[in-house]
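All remarks here apply to the structure that follows.
Convention: sequence-line order gives letters A, B, ...; per-chain numbering from 1.
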There are 2 protein chains.
Amino acid sequence: MVVTLRDVARAAGVSPATASRALSAPDLVAPARREHVQQVARELGYRPNRAARELITGRTGNLCLVVPDLENPFFAAVAKGVQARARALGFALLVADAEEDPRLESELVGHLGAQVDGVILCSPRMTDVELDRLGRDVLDDDVPLLLVNRLHAGLPSVVIDNADGIRQAVTHLYALGHRRIGYAGGPVGSWSDAQRRRGLEHASHGLRSIDVVDLGHFPPLFGGGVAAGDLVAASGVTAVLAHNDLLALGILSRLRARGVRVPEDVSVVGYDDIPAATLVSPTLTTVTVPLARLGRAAVDLLIEAGSVPTATESALTSAERARHTAPATALGSDRENAGPPSVLIGVELVVRASTGVASAQSSAAGG
Amino acid sequence: MVVTLRDVARAAGVSPATASRALSAPDLVAPARREHVQQVARELGYRPNRAARELITGRTGNLCLVVPDLENPFFAAVAKGVQARARALGFALLVADAEEDPRLESELVGHLGAQVDGVILCSPRMTDVELDRLGRDVLDDDVPLLLVNRLHAGLPSVVIDNADGIRQAVTHLYALGHRRIGYAGGPVGSWSDAQRRRGLEHASHGLRSIDVVDLGHFPPLFGGGVAAGDLVAASGVTAVLAHNDLLALGILSRLRARGVRVPEDVSVVGYDDIPAATLVSPTLTTVTVPLARLGRAAVDLLIEAGSVPTATESALTSAERARHTAPATALGSDRENAGPPSVLIGVELVVRASTGVASAQSSAAGG
DNA sequence: TCGATGAATGAATGCGATTTCAGCACGTTC
DNA sequence: GAACGTGCTGAAATCGCATTCATTCATCGA
């Protein structure tokens, strides 16, 4: 029924060893014979059995991606990029949704890590100790683990330039005349939220007479934004930075419901630039993150860091690979003992309709 | 380094055969011995090698999901449901994004089909002949293929009740006084679009003096809706049904840009109820589809139809499984020779702010 | 012309599990 | 007491492929 390598070998009149080589190490076989075997294999519709190959080589040809929530457009975009790049390199992709649960995250990494050549863990909620344990004890030593949107000693990672995005947003608002700016943060333990807070502090230090109001921590979802919206209205700020777009959209919605006009009364800035940011009215000014590129870079770095051989014949050359992820900046790779490499993905503010000149009225109310 | 079954056997003082049985067919081993082996395995941290197991059993413990676009919230929601159910049954899930390309779709099914126990193909764009070929030639006979949102002879499927959703929407609009209703369709070859057109025709036949205007076919994306918006304005309809929410949101946006008020001048109804439907203003009246349930039902039916043994010890009981997918209606499973079973997922209109009473003015303009 | 080098090939091994198959001890039945 | 099931166990045979090792044969240098 199913065609095996022996069948090919028999049909081609060679030994299984030669057939194997003709297909997966062509240089070792005389050209004429090689062609013949390949031809026969094609005619018979031979498909190598992955399990058998894996059993002997130890490599699966699979990568694994763990995200907190597949339905969240941020992670969906990353997943898309990861999937595309993985396939281009000949890998299949196992995707797991951790349902925002740190414990499930580790469990998934543990389970899936056993049957893949590398793991990409996206925006992990888990603690640093747990992360350490994963890298050390849970995964086999030859299964590299890469973090997206989080830095951790000893693990390679791909992160976005959180601080710079905030800086651009603050600068934009300052230029529009805003002097009292609110920040609606993400969850308490969030690494990227800590980064953004730091960037916010740093950026505001350089500006005269600016006042930053911490509105607190919120679930990075639409519902969180609804709650945040009331605090925005109560705080007397003329502009608000949200930890991400979903939060910003929630704020937008709540402000509208309360009759606060955007951007006339309050300006709102998001982060991530998810598709919905252009679907609403006013369209959302936000920090655009090249999420697909982020995903691609993650795969490339994972392969590189773990020195995982690409899975198939159709793997792109490394030159091509570099081209795909070009504009990213390598962190630490120029220092000699830099440990695992990290890639920093640049971001860019896109100004849309949710930000405008600070109104005198609101300014007065705020001051 | 890595603990193998032989190690466990040696440490427990039994043969590899007994060790194997103690772990994966406990009934065959004397209770005392069984406990002992299991204990030793736990202490040694034994993890069975999936490749070795697969090689001999022929089962991988993986399922595969192919979708046109992971970033599309419709497919993201389905993927989430599929993933959750697969994991609950002990399967890992390979996810592939076909980039809206029918050829890539088949290629992915071919590639991934070789390393999974079942394939779920979501809203395939491919032709019926191609679908036939997949089921017959490409996949191994013991790898079941299930379709989501498409019916095809010989293949099990999970579909949503397209016609009924349209019927509910039309009835709603009719009750609001709309007599001239536009339909902005999906892509030309789309199976679900054909279903909805049929449902539309059928529903309108039952209603007096109703006029349905076919606005044509559009890409089921925001951009398609922008184009459709102009046709809506030009057609003199007082209400429009869109093939899906993204399209509806595009229409909404375009109408607003042109100064057409929703719902005062024109009512808009979407389909799917994606998250963004409640993020916009006015919030979108739409047909809500329980996508996560759809995904879960797909997995269950796939397992059942292919009689794929669930992968692990932690599989839920069939009672539990039934509970998860309860409100779905089985199609054809009560006919004796019904062929592969299909499940019909019910839908429900949710009325929000984008539909209202038909205005006399627009009615006049339309009539 | 002869030994040495190297390319091309085939026989055989093993990856780590599952699964016959046969054997053994024990109890039951005629 | 012989014959026969029953319950557990271990030896050994796969599963499909990659790879080591040995062999053959042609080629080359001296």
Side-chain angles (χ1 to χ4, degrees), chain A residues 1-38 40-41 44-62 114-115 117 140 142-143 309 311-313, chain B residues 1-38 40-41 44-62 90 114-117 140 142-143 309 311-313:
Chain A
M1 197 83 244
V2 65
V3 182
T4 156
L5 188 61
R6 300 183 84 89
D7 300 330
V8 175
R10 203 173 307 138
V14 298
S15 76
T18 302
S20 172
R21 284 189 278 251
L23 296 172
S24 47
D27 302 338
L28 300 180
V29 171
R33 210 176 282 257
R34 175 205 314 158
E35 305 277 327
H36 179 224
V37 173
Q38 289 174 350
V40 169
L44 267 53
Y46 168 70
R47 316 257 299 171
N49 179 317
R50 302 184 60 113
R53 177 174 291 174
E54 174 184 346
L55 186 55
I56 193 162
T57 63
R59 271 177 289 109
T60 64
N62 295 336
Q115 55 175 318
D117 296 339
D140 285 356
D142 52 353
V143 176
T312 69
E313 60 281 14
Chain B
M1 199 84 242
V2 64
V3 182
T4 155
L5 187 62
R6 300 184 86 88
D7 299 332
V8 175
R10 200 173 311 139
V14 299
S15 76
T18 302
S20 172
R21 284 189 278 250
L23 297 172
S24 46
D27 302 339
L28 301 179
V29 171
R33 213 177 278 262
R34 175 206 314 161
E35 304 277 326
H36 180 223
V37 172
Q38 289 175 350
V40 168
L44 266 52
Y46 167 72
R47 315 255 297 172
N49 179 319
R50 300 185 60 115
R53 174 176 294 174
E54 176 184 344
L55 186 56
I56 192 158
T57 62
R59 273 178 287 109
T60 64
N62 296 335
Q115 55 175 316
V116 298
D117 296 340
D140 286 356
D142 51 353
V143 175
T312 68
E313 60 281 16

To the nearest 0.5 Å, what is the distance between CZ on A:R34 and CG on A:D27?
6.5 Å
Options D:dG16, D:dC17, D:dG10, nucleotide nearest the side-chain atoms of B:V14:
D:dG10
Picking from D:dT19, D:dT14, D:dT9, the nucleotide nearest the side-chain atoms of B:T18 would be D:dT9
Let me know the distance between CG of B:D142 and P of D:dC15, rounded to the nearest Å.
16 Å
Between which nucleotides of DNA chain C, read 5' to 3', does contact with chain B run, using atoms under 4.0 Å from its heavy atoms?
C:dG16 to C:dT20
Would you say that B:V29 contacts B:V37 through its side chain, given a criterion of any heavy-atom pair below 4.5 Å between the two side chains?
no
If you measure from CZ on B:R53 to CG on A:L55, what distance do you get to the nearest 0.5 Å?
13.0 Å
For B:R10 and D:dG10, give me the distance from atom CZ to atom P, rounded to whole Å.
14 Å
Rounded to whole angstroms, how far apart are CD on B:E54 and P on D:dG16?
12 Å
Determine the contact category for B:L5: base if any of its heavy atoms lies under 4.0 Å from a base atom, sugar-phosphate if only primed atoms, P, OP1 or OP2 are that close, otherwise nothing.
base
Heavy atoms only: give me the nearest A:Y46-A:L5 pair and the separation to one decimal.
CE1-N, 3.4 Å
Return a table of donor-acceptor pairs under 3.5 angstrom between the side chains of residues 16-24 of chain A and protein atoms on other chains or two or more places apart.
unit_1, atom_1, unit_2, atom_2, d
A:T18, OG1, A:S15, OG, 3.3
A:S24, OG, A:S20, O, 2.9

Give, for atom CG of A:L44 and atom CZ of A:R10, the distance between the pair rounded to the nearest 0.5 Å.
10.5 Å
For A:P48, which contact category applies under a 4.0 Å heavy-atom criterion: base, sugar-phosphate, or nothing?
sugar-phosphate
Please lay out, stage by stage, how B:Q115 and A:N62 fare under the test side-chain contact (heavy atoms from CB on, under 4.5 Å).
CA-CA 10 Å; B:Q115 55 175 316; A:N62 295 336; 3.4 Å; yes
To the nearest Å, give me how far apart CG (B:N49) and C1' (D:dC15) are.
13 Å
Are B:T60 and A:R50 side-chain neighbours, meaning at least one heavy-atom pair lies under 4.5 Å?
no
Phosphate oxygens OP1/OP2 of D:dC17: is one of them under 4.0 Å from a side-chain N or O of A:T4?
yes
Is a donor on one side and an acceptor on the other found under 3.5 Å between the side chain of A:R47 and the backbone of A:V3?
no
Using atom CD1 of B:I56 as one end and atom P of D:dT14 as the other, report the distance to the nearest whole Å.
11 Å
Between residues 21-36 of chain B and DNA chain C, which residues have a heavy-atom gap below 4.0 Å?
B:R21, B:S24
